[in-house]
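Report on the following structure.
Only a predicted model underlies this, so the values are computations on that prediction, with no experimental measurement involved.
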Amino acid sequence: MLKITLVKSTIGATPYQKKVVEALGLRKLHHTVELPDTPQTWGAVKKVSHLLKVEEC
């Protein structure tokens, strides 16, 4: 499992990056979600890695 936290605002992000953050289930700043450790999850995380903090559980 991955614990993903939104640590930077999406205000300056592109519309594509905002959709990726929303698809990960993140809504507000400092919101944390736990997602399975799959290649699809890692692909989305790499697209917006500058906005996130990722921890492996």
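The hydrophobic clustering, which links ILVMFWY residues whose side-chain heavy atoms are closer than 4.5 Å, places Met1 and Val54 apart. There is no path of hydrophobic side-chain contacts, each under 4.5 Å, that joins Val7 to Val33.
In this structure, OG on Ser49 lies 11.5 Å from CD1 on Ile4, to the nearest 0.5 angstrom.
In this structure Thr32 satisfies the side chain to side chain donor-acceptor pair (under 3.5 Å) test together with Thr5, sequence neighbours excluded.
Side-chain heavy-atom separations under 4.5 angstrom define the hydrophobic clusters, and Ile11 shares its cluster with no other residue.
Two residues are said to be in side-chain contact when any heavy atoms from C-beta on lie closer than 4.5 Å; Leu52 and Leu26 meet this criterion. With contacts defined as side-chain heavy-atom distances shorter than 4.5 Å, the pair Leu24/Val48 qualifies.
Sorted by first and then second residue, the salt bridge (charged side-chain N to carboxylate O under 4.0 Å, His left out) pairs involving residues 1-29 (not counting sequence neighbours) form an empty list. Sorted by first and then second residue, the salt bridge (charged side-chain N to carboxylate O under 4.0 Å, His left out) pairs with a member in residues 42-57 read Lys53-Glu55; sequence neighbours excluded.
Counting only distance, with no hydrogens or angles, the side chain of Thr10 and the backbone of Ala13 share no donor-acceptor pair below 3.5 Å.
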Exercise answer: donor-acceptor pairs, residues 37-44 side-chain atoms, under 3.5 Å, sequence neighbours excluded:
from	atom 1	to	atom 2	distance (Å)
Asp37	OD1	Trp42	NE1	2.4
Thr38	OG1	Gln40	OE1	3.4
Thr38	OG1	Thr41	N	3.3
Thr38	OG1	Thr41	OG1	3.0
Thr41	OG1	Pro36	O	3.1

